[in-house]
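Everything quoted here is computed from the prediction, not taken from an experiment. FYI, side chains are in, hydrogens and waters are out, and symmetry mates aren't considered; it's all heavy atoms of this structure. Chain identifiers are assigned alphabetically (A, B, ...) following the order of the sequence lines, protein sequences preceding nucleic acid strands; residue numbering begins at 1 within each chain.
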Protein chains: 4
Amino acid sequence: MPDAATEPAKRGRPRRGPDPERFREIVDAAAEVFLEKGYSATSIQDISDRVGILKGSLYHYVRSKEDFLYRIIKDVYDEAIDDIRKIGEGEQEPLARLAAFIRAHVRFAAAHLTAYTIQLREFEQLSAERREEIRQGGETYVEALQAILEDGQAAGLVDASLQVRLASIIITGELNSMTRWYSPKGSLEPDQLADVYVGMVLTSVASEAAVTKAGGVEALRTEFALGQG
Amino acid sequence: MPDAATEPAKRGRPRRGPDPERFREIVDAAAEVFLEKGYSATSIQDISDRVGILKGSLYHYVRSKEDFLYRIIKDVYDEAIDDIRKIGEGEQEPLARLAAFIRAHVRFAAAHLTAYTIQLREFEQLSAERREEIRQGGETYVEALQAILEDGQAAGLVDASLQVRLASIIITGELNSMTRWYSPKGSLEPDQLADVYVGMVLTSVASEAAVTKAGGVEALRTEFALGQG
Amino acid sequence: MPDAATEPAKRGRPRRGPDPERFREIVDAAAEVFLEKGYSATSIQDISDRVGILKGSLYHYVRSKEDFLYRIIKDVYDEAIDDIRKIGEGEQEPLARLAAFIRAHVRFAAAHLTAYTIQLREFEQLSAERREEIRQGGETYVEALQAILEDGQAAGLVDASLQVRLASIIITGELNSMTRWYSPKGSLEPDQLADVYVGMVLTSVASEAAVTKAGGVEALRTEFALGQG
Amino acid sequence: MPDAATEPAKRGRPRRGPDPERFREIVDAAAEVFLEKGYSATSIQDISDRVGILKGSLYHYVRSKEDFLYRIIKDVYDEAIDDIRKIGEGEQEPLARLAAFIRAHVRFAAAHLTAYTIQLREFEQLSAERREEIRQGGETYVEALQAILEDGQAAGLVDASLQVRLASIIITGELNSMTRWYSPKGSLEPDQLADVYVGMVLTSVASEAAVTKAGGVEALRTEFALGQG
DNA sequence: CATGAATGAGATTTCATTCAT
DNA sequence: CATGAATGAAATCTCATTCAT
C-alpha cells in the first residue's frame, strides 16, 4: 500500500517527503475549513488563509484540492476500520458486544469528530477511483453491526422478528447522526452519550428473553452504562 | 410573507410571472442535480443542461442560484411544518402519538425525498437571512418530539430516567438518516419502514409500565404496526 | 464527421452553435498569436487581447487552449489532404505531375501560410489522441510525392538509382522550409517561387533521359515554369 | 565575450564555479527535454526530474531557465561557425566546395542533433539581446552558401539564371529539415545521407557545362559521393 | 551542493450573472 | 421566453525563482 496518490507532490526521483508535522498541520487546517463551509464551497484560498501561507504554496503538500479531502477521509477511514476489528474481541456475549461496539463508535466519532464528519458528508465528492479504493478497506460498520445482531438472534437475545440488515442501517444512521450536533466543547462527555445510545439501541432490538434476563427494559437500559462521567 | 425574492421575475410591467408548471419543472430539475452533486458543486450550467435550456434562460425564473435552493427548501419546510401540526391531533395516548409522529415523518420524507434530503444537507448554504426566515417557521421536529416524550413521561409510559431532549435529538437523527439510503425505487414501502422505526423507537424509550401494558417488548414493537404493505 | 470535439462549447442539449464568422475571427486571432510567439508561449490572455475580449469569454467558443490549436491544424490539414488528392488528376506525365505537385504545395502553403506553419511547428503539442485522429486523414505529402517519383522511375524519367523514399522526405522538407521565411508581403509571388522550386527539384531527381529529352538541365529547369508573375 | 550571464553562478567569493562535467550533464538533460517537449512547454521541474535533482538545485548551475537555452544554442552556434570557416579552405573548385559544405553540414547536424535542432526551433525564444549577441557570430550558413554559388556562377558551373540568394535559402532549408526526421539510431549513416544531399543539391543548381563536364546528371550526382558507409 | 519550503506572479479554466436581440 | 455573447470575478493550479538550513 504505497499510497502514492497523495504522497505529497512526488514527481521526479528524489524527495524524502516534506516535514510530516507541517503536513498534518496543513491537512488539519483544510479539515477545519471543510467542516465549516463544506468541501465544494471551500476554496484553496480559504485553506491557505487558515494556514497563513500563500495558496500556491499548498501545492507543495498536495497535488489538488481533492487530495486534501482524500487524505482526511482515508486517514479516518483506516483508523475506523482498525477500530472495528478490535471490538468485542474480548466480549463473547452478543449484547455486551453490541454495547461495546456502540461505545467504541461514539468514542471514535467524538475523538475524530472533524474528520469523521467530513467523511460522512463529503465522501461522494471524491473521484470514483478513490471512492472505490477506500471502500475496499473492507468490512463496514453496517456489516459489523449486522453480524453482532445475527449472533444476538442466534443466542435468543435479539428479537427474532427483527430485519437485521435494516436495523443495522438504522442504528448506524442513528449513531452517525451525532456528528450533526455533537461538540466536544459541550458538557456531554463521549461516555455519557454512549451510555444513552447503548441504552436506547439495546432496548430497541432486545428480545423478550433479554429483557427478562436483565430484569426489565429500564434495567437493560442501564446494564452496560459506565455511569456518570 | 411577501417572499418577493423568488417570486419568479416580477419586475417592471404588470406580469403574472411565468407558467407555474414550467417553473416547477425547472425547480425540480435543480433539485435533482443538487441531490446528485451537492449544491455547491452544482453549476447553473448543470441545471440548464438538465432542463434542456441555455443557462441564461434560467434567470427568467430565478434571480440567483441560491433562489433555487431557497425555493426547494422553503417549500418542503413549509409543508413539513403543516404536517407536524396535524400529528396526533386525534391521538391522545402518548405512545400512539409518538407512533403517529414517526409514521408521518417517514411518509413525508419518502414522499418528498429529494427536497427533504436537500433541506437536511444544504440548509447551511443558504444566506443567513434566509436561514433565519425559514427557521421562524416555528416549532421544529425535535421540539415536537420532545413534547411527546415529555407527555409520555408524565403518563408513566416513557422511561422517567430518559434525558428527553437528548433522546429527541437522537431519534430525529435516526429518522432523518433514512434520507441517506432510502429509495422509492426499492421494494421497501414507506409504511413498512415506518413499522420498523416505530417498533425500534418505541421500545427504545418505553417505561417498564409501557412494556408490561403492551405485553412485552416484542408485543410493543408491533403494537402500532400497519402490517404488510 | 461530426467532429464534436471542438464544436464550440456544446454541453447540454440545445445550441445551434455560435456565429461561425465570429468563431473564425477568433480562431484566426489565435493563429496569429501562435505564429508570433509559439503555441506554448502564448497565453489565453494574449489571444483575448488580440480579439479585444475578456479571456473568460473565449471559453464560449472553445473548451481549452488546445482546442484552438486543434481547430487551426485540423482545418488546414483537411484542406491540404483534399488538395493532394486533386493533384495531377489531369497530368499523366510523371515530371509534369511532379511539377504540378510542387506548384500546388507552394500555392497552398502561401495561401494558408499561418495555419500551415503552425501545423508544421506545433503538431506535436496536440494531445496524443488528436494527433492520431488527424493523422488518420490518410495519405501524406511524403507518400504522394513518393508515388510520383516511383512512377517517374518506371517511366525512366527519374534517376533509377535514387532512393525514392529518402528523396521524398528531403523534397518535402525543402518545400516546407519555405514557411520559415516566406512572406506574402514580400515581392516574391507564390508562382515565381514555385517556378524556382520546380526547376531545382526536377533537376535534382531527373534521369539522364529526362534531361536529354528536355534539351539539357537548364532547359529542364524552366520547362514547367509559368514565367514572370 | 565576457558572457557572465551564464558563467554558472559566479558571484561573491572566489569560486571556480561548479564541476564542469556535472554542468554539462545538466545542460544536456535540459537539451533532451527541450527537444522532446519544446522550450516553452518545458518546466524547470521537467529538467530537474530528468537530472534526478530538486528544482531549486538547478539554480546552482544557472540563473534562469533561459540560461539553459542560451547555453545550448550558444555552444552549437559557436562550433557551427568554426565549422563553416574551415570548409573548402582546401577545395578550390566551386562544386567540390559546395559538396564539402553540404557534407560538413550533414555531419555537423548529425553530430549535434539535439542542440542543433533546438537552435533551429527555439532561437526566437531567446531574449532580444541574446539573439543579437549570438547573431553577431558572423557569417551565416546562408551567406556562406551564397558565396559558393556565386563562385560557381563565375566559374560557369552553376546555372547562370539561378537566383542565388533564393537558392541558398532553399538549400539551407532543405539541409536543415533533416533535423525533423533524422535519427542517429536509424541505419542511415551521416555520410550516406550526405551523399544523397550532395547529389540532389548539385544537380539542382548545376549549369549545362557542369553536367557535361561530369558526364551527365547521373554521373554528377555521384561524383562527390563517398560511397557505402 | 542539495534540500525543501515558500513566494509571487500568472496561467488556464469556471461560473454566476447580465443583456441585447 | 429563449438565445448566445459577453462580463468580471474568482477558482484551481503552475511555475520560475529565492533562500535558510
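Note on B:H60: every side-chain N or O is 4.0 Å or more away from OP1 and OP2 of F:dA2. Dashed line: the shortest gap from a side-chain N or O of C:Y59 to OP1 or OP2 of F:dA5 is not under 4.0 Å. For E:dA6, one of the phosphate oxygens OP1 or OP2 lies less than 4.0 angstrom from a side-chain nitrogen or oxygen of A:R22. Phosphate proximity of E:dT18 to B:R63: absent, as no side-chain N or O sits under 4.0 Å from OP1 or OP2.
Shown here, E:dA20 forms a base pair with F:dT3; the pair counts as Watson-Crick or G-U wobble because both key distances fall under 3.5 Å.
In summary, B:D46 and B:R50 do not engage in a salt bridge, as defined by a charged side-chain N under 4.0 Å from a carboxylate O. A salt bridge links B:E25 with B:R22: the distance from a Lys NZ or Arg NE/NH1/NH2 to an Asp or Glu carboxylate oxygen falls below 4.0 Å. Ion pairing between A:R71 and A:D67 fails under the 4.0 Å rule for side-chain N and carboxylate O.
In this structure, D:L54 atom CG and F:dT21 atom P are separated by 18 Å, rounded to whole Å. Taking atom CZ of C:F68 as the reference point, atom P of E:dA11 lies 15 Å away to the nearest angstrom. C:D19 has its CG atom 7 Å from the P atom of F:dA5, to the nearest Å. Summarising the geometry, the separation between CD1 on A:I47 and P on F:dA11 is reported as 12 Å, rounded to the nearest angstrom. Atoms CG (D:L58) and P (F:dC15) sit 14 Å apart, rounded to a whole Å. For the pair C:K65 NZ and E:dT14 P, the computed distance is 15 Å after rounding to whole Å. The distance from atom CD of C:Q45 to atom C1' of E:dA9 is 13 Å, rounded to the nearest whole Å. The separation between A:L69 atom CG and F:dT12 atom P is 13 Å, rounded to whole Å.
Annotation: of the two residues near DNA chain F, B:G56 and A:S57, the 5′-most nearest-nucleotide partner is B:G56. The residue among B:D46 and A:I53 whose nearest nucleotide of DNA chain E lies closer to the 5′ end is A:I53.
Residue C:T42 is in sugar-phosphate contact alone, with no base atom involved, counting any heavy-atom pair closer than 4.0 Å across all strands shown. Residue contacts shown for A:S43 are limited to sugar-phosphate atoms, with no base heavy atom under 4.0 Å away. As judged by a 4.0 angstrom heavy-atom cut-off over every strand, A:I44 is placed among residues touching the sugar-phosphate backbone only.
Comparing E:dT3, E:dT13, F:dT3 by their closest approach to the side chain of C:K55 singles out E:dT13.
A donor-acceptor contact shorter than 3.5 Å links the side chain of B:K65 to the backbone of B:T42.
The closest side-chain heavy-atom distance from D:R135 to D:F123 is below 4.5 Å.
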